[in-house]
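Below is one structure, written out as structure tokens; the observations come after it.
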Amino acid sequence: MFLSALLLALPAAADVVVVVNAKAAESSMTKDQVSQFFLGKSTAMTPVDQAESAPARAEFYKKVTDKDPSQIKALWSKLVFTGKATMPKEVGDNAGVKKAVAADPKAIGYIDKSAVDASVKVVYSGS
């Protein structure tokens with residue numbers, strides 16, 4: 001009984017997917033392609049991040065870039081300081097990412113798989 005209560009108390013890992021505008025030409029991307037946008041190595045698409053405190057953010061960066069939040073923060077601080085890139089747009093949650101991506105044909109973001117709807121298109125799921 002105690003063990004099952006403990007398991008129920010643990011947060012389930014969300015299944016994070018990468019999304020683009022529903023009308024975007026891209027239909028799928030590799031892990032490497034996605035990481036290029038979120039590590040400031042490509043400006044072909046505009047990355048949209050969830051809030052630093054959002055569980056999906058840490059999971060996304062670990063899954064796609066193999067980096068933890070502090071490594072990502074340090075990387076972006078350096079890129080911004082040297083003028084090589086501007087920080088990704090930050091929104092609060094899945095709904096904010098969907099809204100930003102749906103409004104911008106060049107945007108790319110990540111949301112929980114359960115939040116996907118017709119306003120966005122999944123281009124990478126990592127599974």
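Numbers here are sequence positions counted from 1.
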Worksheet item: Does a sphere of radius 6.0 Å around NZ in Lys99 hold more than 12 heavy atoms from other residues, nucleotides or ligands, not counting ones at 6.0 Å or beyond?
Response: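 12 or below, so no.
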Can you give me the closest heavy-atom contact between [X] and [Y], atom names plus distance?
X: Ala100; Y: Ala107; result: O-CB, 4.1 Å
X: Val101; Y: Gly109; result: CG2-N, 3.8 Å
X: Glu52; Y: Arg57; result: N-NH1, 3.4 Å
X: Ala22; Y: Ala118; result: CB-O, 3.5 Å

Item to complete: Kindly assign one of parallel, tilted or perpendicular to the pair Phe60 and Tyr110, based on the angle between their ring planes and the thresholds 30° and 60°.
Response: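 Ring orientation, 0 to 90° scale: parallel.
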Fill in: From CZ (Phe37) to OG1 (Thr46), nearest 0.5 Å
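One finds 9.5 Å between CZ of Phe37 and OG1 of Thr46.
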Fill in: Gap between atom CG of Leu75 and atom NZ of Lys41 - 0.5 Å precision
7.5 Å
Item to complete: Report yes if some heavy atom in the side chain of Ile111 is under 4.5 Å from a heavy atom in the side chain of Val17; otherwise report no.
Response: yes
Worksheet item: Can you find a heavy atom in the side chain of Val18 that is under 4.5 Å from one in the side chain of Met29?
Response: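 With C-beta onward as the side chain, the pair stays apart.
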With a 4.5 Å cut-off on side-chain heavy-atom distances among I, L, V, M, F, W and Y, is there a chain of contacts connecting [X] to [Y]?
X: Leu39; Y: Val20; answer: yes
X: Tyr124; Y: Tyr61; answer: yes
X: Trp76; Y: Phe38; answer: yes
X: Val116; Y: Val34; answer: no
X: Ile108; Y: Val64; answer: yes

Worksheet item: Hey, is Lys31 close enough to Asp66 for a salt bridge, meaning N to O under 4.0 Å?
Response: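 Salt bridge flag = yes for Asp66 with Lys31.
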So does [Y] get a backbone contact from the side chain of [X], meaning a donor-acceptor N/O pair under 3.5 Å?
X: Gln36; Y: Gln33; answer: no
X: Asn21; Y: Ala102; answer: yes
X: Asp49; Y: Lys89; answer: no
X: Lys63; Y: Val16; answer: yes
X: Asp15; Y: Lys113; answer: no
X: Lys98; Y: Val19; answer: no

Discussion item. Using side-chain hydrogen bond (donor to acceptor under 3.5 Å, both in side chains), reason through Ser119 and Asp117 one step at a time and then give a plain yes or no.
Written reply: CA-CA 6 Å; Ser119 68; Asp117 63 22; 2.5 Å; yes
